[in-house]
Amino acid sequence: MLDLIGLCVKVEAHADPELGGVSGVVLDESENSILVELKDGRRKRILKRYGVFKFFECKNNDVVGIFPGFLIVGHPVDRVKRLKRVFTR
């Protein structure tokens, strides 16, 4: 999972209860947050660290993965290294 941009996302859980259940398309990501366009056209910036996210392909709903936010914090290259360490133990 190198790039989150362009994937659909659903916030399965978040420390901010208002963000739980939010879903849309990832438009941008920074080290600590993702920018999501909601179905009604609004945009929300969501902190990665405090949530659990389900990423899936928008066209066919194939699930890419469900990840706790602390695993996806950081830049894509760093994220791959971290995920590789977690899943190869």
message: Evaluate I5 against L27 for side-chain contact (heavy atoms from CB on, under 4.5 Å), listing each step before the verdict.
response: CA-CA 6 Å; I5 297 172; L27 296 179; over 6 Å; no
Going by heavy atoms in the side chains, are [X] and [Y] under 4.5 Å from each other?
X: V64; Y: E57; result: yes
X: V25; Y: L7; result: no
X: V26; Y: D28; result: no
X: I34; Y: F53; result: yes
X: V9; Y: L4; result: no

Residue pairs passing the salt bridge (Lys or Arg N to Asp or Glu O under 4.0 Å) test where at least one lies in residues 40-50, sequence neighbours excluded: E29-K48, D40-R42
- prompt: Which pairs count as disulfide (SG to SG under 2.5 Å) when at least one residue sits in residues 19-52, sequence neighbours excluded?
  reply: none
task: Any pair with a residue in residues 13-63 that passes disulfide (SG to SG under 2.5 Å), sequence neighbours left out, goes on the list, sorted by first then second residue, please.
output: C8-C58
field: With sequence neighbours excluded, residues passing side-chain hydrogen bond (donor to acceptor under 3.5 Å, both in side chains) with N61
entry: none
With S23 via side-chain hydrogen bond (donor to acceptor under 3.5 Å, both in side chains) - residues at least two apart: none
- prompt: Apart from I66 itself, which Ile, Leu, Val, Met, Phe, Trp or Tyr residues share its cluster (side-chain heavy atoms under 4.5 Å, direct or through members)?
  reply: V52
- request: Check the surroundings of atom CZ in F56: do more than 12 heavy atoms from other residues, nucleotides or ligands lie under 6.0 Å from it?
  value: yes
query: Looking only at atom types and distance, does a side-chain atom of H14 sit under 3.5 Å from a main-chain N or O of V22, one as donor and one as acceptor?
result: no
task: Using the six-membered ring wherever Trp is involved, compare the ring planes of F55 and F67 and label them parallel, tilted or perpendicular (cut-offs 30° and 60°).
output: tilted
message: So if I apply the side-chain contact (heavy atoms from CB on, under 4.5 Å) rule between I46 and each of N32, L35, L19, which one comes out positive?
response: L19
